[in-house]
2 protein chains.
Amino acid sequence: MKNKANFGATVTEASRERPTLKTIAFMTGLGITTVSRALKDAPDIGAETKERVRMVASQLGYQPNRAGVRLRTGKTNVIALVLSIDEEIMGFSSQLVFGISEVLTGTPYHIVVTPHSHSKDPMLPVRYILETGSADGVIISRIEPDDPRVRLLSERNMPFATHGRTDAGLTHPFHDFDNEAFAHQAVEKLVALGRKRIALLQPPSKLTYYTHTRIGFQTGLHDYGAEEVPLRVTIDTPLDEIRNAIEALMRSNNAPDGIVCSAGSAAIAVNAGIEAAGKRLGVDIDMATKESTPILNWIRPEIITAREDFRHAGREMAKAVIARIDGVEPELLQSISQPVWKA
Amino acid sequence: MKNKANFGATVTEASRERPTLKTIAFMTGLGITTVSRALKDAPDIGAETKERVRMVASQLGYQPNRAGVRLRTGKTNVIALVLSIDEEIMGFSSQLVFGISEVLTGTPYHIVVTPHSHSKDPMLPVRYILETGSADGVIISRIEPDDPRVRLLSERNMPFATHGRTDAGLTHPFHDFDNEAFAHQAVEKLVALGRKRIALLQPPSKLTYYTHTRIGFQTGLHDYGAEEVPLRVTIDTPLDEIRNAIEALMRSNNAPDGIVCSAGSAAIAVNAGIEAAGKRLGVDIDMATKESTPILNWIRPEIITAREDFRHAGREMAKAVIARIDGVEPELLQSISQPVWKA
DNA sequence: CAATTCTACTGTAACGTTACAGATTTTAAT
DNA sequence: ATTAAAATCTGTAACGTTACAGTAGAATTG
């Protein structure tokens, strides 16, 4: 042990300020570089020294200065979550945030929320992040089959994960809900109740999971012998318009006896439309829907629900982005979760 | 004009990298300091020079490097939103986030979401932010009358805004919903329907707005001549327990004929409990509740609702924090929004 | 024992920004 | 014409970190 360590000296001066590597170097009598390397467990630092540095660091409550690290290394320790502010009704995006946070707790990463309106150019937030280098990783949702954001992020080598799949030959981390299985099983459930004329409240056609949902729905119709009653609104339609459209459809002479609903938030509007038309769930019609918060059955116990866990999705995507940052191959960072039907 | 400006030189070298002050200095032939000062409109820089620098900067798409600024000045350009992950059901916190973002767009500020469980020590996230200096301003919710976080933030001179008021003599920016008016008016509406025995699903007693709600409720009972039917669950109780408690109460021989509900998310559970007991809203009992997302009336048109706009709250708090950072006195940064009853 | 290789540690420079203390030129005042 | 005062502009240093290129001494080799 060198004998230039300073104990107790200038405690008053140093103790109120936030400690830096310099503080630790001063207290241990080591060089700043040595302290830096000791804290990151570099191989060329003695075991005893490392131990001593770690002790002092934790005693001082040392936390590396993010700005210093970021300026020097370019590492931001930020995960950007790009959120659409339009589609939010039932708080599914907060569940995403909380899921992501769960994973980020205990890592050096922070979550920065970058909201945008999907009626505006969806490339804007991604371009901004790339141009300013303001994040180490990005999470995006509302994925299209050939999503330009996915192209751009891949091209620029920015680690990212998507909530939903693409379909344009690009391999990238994603988490998705198995919408095909959902729609197929939803039809199965409805047919099991004797329903044969089924409508689908589907996602907007430009999103990838529109196709998944359609395929599941149509193979379901085929497999279980039912027919489709067309519905022109989507889950992106404002809720009151959905309600009105369902009411009109239920009053028409083309009324379905079953409906599959691709979003938990829309189910309330669908139910309202059915009731507004004077029809009864479980009698005139049955509905099978996704739900993110288990409350639909309190509204109408007859609603058939499959749980979609957004918190889990957030966790999966956060893990995927971090793994990607750490160099894990994208192939290994893809997951799909299955619908869980309430018994 | 000096003649050492470099036009077109080393375009290839410079154009792919992100431009810095150095880039602009090089292109204009000015010093780095001059460019820096020109961009912040300092008084000792010539008008013509400023114009020229601004031109080049915008042409290059110059954006100041956040790490550089942060390291030098300590300014983080971050607003931290401390959120409780437990209370979230209906997505009210995403509305907060989106409201805040609306205001932050076009400013240099970013929003970092710092979630925590309110079953854990609520001081932790605030302490972390203060110790690491990781934000210029903080927004917190679930405010207690003598909230230790408010004390700490005030003491440390960290700009902040609260979602809810305190009651311990500290002046600070806040936005609050007028829960006293809400509860008072809720009782009024119920009594107007002939209800006299009213229960209150109230906030947990440690939060400030518990008191506001109680006062409004009790003066309401007094003013309109009704009595309280005690209810032991709060809006923090898990939804299924609320449902069960309401069901039990409605089945008892002490059943209320009116209920005031302090949270939109809980209203669904209350309604479920009422129906589970075989009672009917509008017949056996009436309910007046807050709601953040206008859907309750689709579930049961009989529910009497007052809108609480969390997006607006987010906007107000974001404006308040930024104003506070800019030195505006806290007295001027307090706002209360009134309940808006659906016609 | 001299030469070589390890082990353990360190100083310098740089990331991009801004505060500060000048420096230079122009204009105004005597 | 000389001095004083503005008006503009600039270099240096520092914020905290890490990559890099060392150095000094101990241990190993032939």
Side-chain angles (χ1 to χ4, degrees), chain A residues 1-5 14 17-54 56-57 60-77 108 131-134 136, chain B residues 1-5 14 17-54 56-57 60-77 108 131-134 136:
Chain A
M1 181 157 133
K2 301 294 166 57
N3 61 353
K4 38 178 174 162
E17 295 295 310
R18 205 180 144 197
T20 67
L21 291 179
K22 203 170 168 181
T23 319
I24 302 176
F26 178 75
M27 305 215 59
T28 53
L30 294 163
I32 295 176
T33 303
T34 311
V35 173
S36 171
R37 297 186 58 68
L39 286 173
K40 34 179 62 61
D41 204 22
D44 64 346
I45 305 292
E48 204 186 323
T49 304
K50 281 180 188 170
E51 194 44 47
R52 194 154 48 97
V53 168
R54 277 196 279 257
V56 175
L60 292 173
Y62 169 76
Q63 302 260 122
N65 179 304
R66 301 177 94 83
V69 175
R70 180 164 171 177
L71 184 56
R72 179 64 239 242
T73 65
K75 172 130 200 187
T76 62
N77 284 310
E131 269 162 29
T132 60
S134 52
D136 295 337
Chain B
M1 179 157 134
K2 302 293 167 55
N3 60 354
K4 38 178 175 161
E17 295 296 310
R18 205 179 145 198
T20 68
L21 290 178
K22 203 170 170 181
T23 319
I24 301 175
F26 178 73
M27 305 216 58
T28 54
L30 294 163
I32 294 175
T33 303
T34 311
V35 173
S36 171
R37 297 187 57 68
L39 286 173
K40 39 180 57 62
D41 204 22
D44 65 344
I45 304 292
E48 205 186 323
T49 304
K50 281 179 188 170
E51 193 45 45
R52 196 153 48 96
V53 168
R54 277 196 280 257
V56 175
L60 292 173
Y62 170 76
Q63 303 259 122
N65 179 304
R66 301 177 94 85
V69 175
R70 180 163 171 178
L71 183 56
R72 179 65 239 240
T73 66
K75 171 131 201 185
T76 62
N77 285 309
E131 269 162 29
T132 60
S134 53
D136 295 336

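Numbered from 1 within each chain, the chains take letters A, B, ... in sequence-line order. Quantities reported herein were computed from a predicted structural model and do not represent experimental measurements. Hydrogens, waters and symmetry mates play no part in the numbers below; they use all other heavy atoms, side chains included.
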**Q.** Evaluation steps, side chain to side chain contact (heavy atoms under 4.5 Å, CB included), between B:Arg66 and A:Thr132
**A.** CA-CA 9 Å; B:Arg66 301 177 94 85; A:Thr132 60; over 6 Å; no
Q: Any chance you could lay out the side chain to side chain contact (heavy atoms under 4.5 Å, CB included) test for B:Ile24 and B:Val53, step after step, and finish with the verdict?
A: CA-CA 7 Å; B:Ile24 301 175; B:Val53 168; 4.2 Å; yes
**Q.** Reading 5' to 3' through nucleotides 16-27 of chain C, protein heavy-atom contacts under 4.0 Å coded B for base, S for sugar-phosphate only, - for none
**A.** BBBBB-------
Please report the distance, rounded to the nearest Å, between [atom1] in [X] and [atom2] in [N].
{"X": "A:Ile24", "N": "C:dT10", "atom1": "CD1", "atom2": "C1'", "value": "17 Å"}
{"X": "B:Arg52", "N": "D:dT8", "atom1": "CZ", "atom2": "P", "value": "14 Å"}
{"X": "A:Ile45", "N": "D:dT23", "atom1": "CD1", "atom2": "P", "value": "18 Å"}

Q) Heavy atoms, side chains only, cut-off 4.5 Å: are B:Arg54 and B:Asp41 in contact? A)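 The answer is yes, as the side chains (C-beta and beyond) meet within the 4.5 Å cut-off.
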Q.
Would A:Leu21 and A:Tyr62 count as a side chain to side chain contact (heavy atoms under 4.5 Å, CB included) here? Give the steps.
A. CA-CA 8 Å; A:Leu21 291 179; A:Tyr62 169 76; 3.4 Å; yes
Q) Would B:Asn65 and A:Arg70 count as a side chain to side chain contact (heavy atoms under 4.5 Å, CB included) if you check the C-alpha gap in whole Å, the side-chain angles of each, and the deciding distance to 0.1 Å? A) CA-CA 10 Å; B:Asn65 179 304; A:Arg70 180 164 171 177; 5.7 Å; no
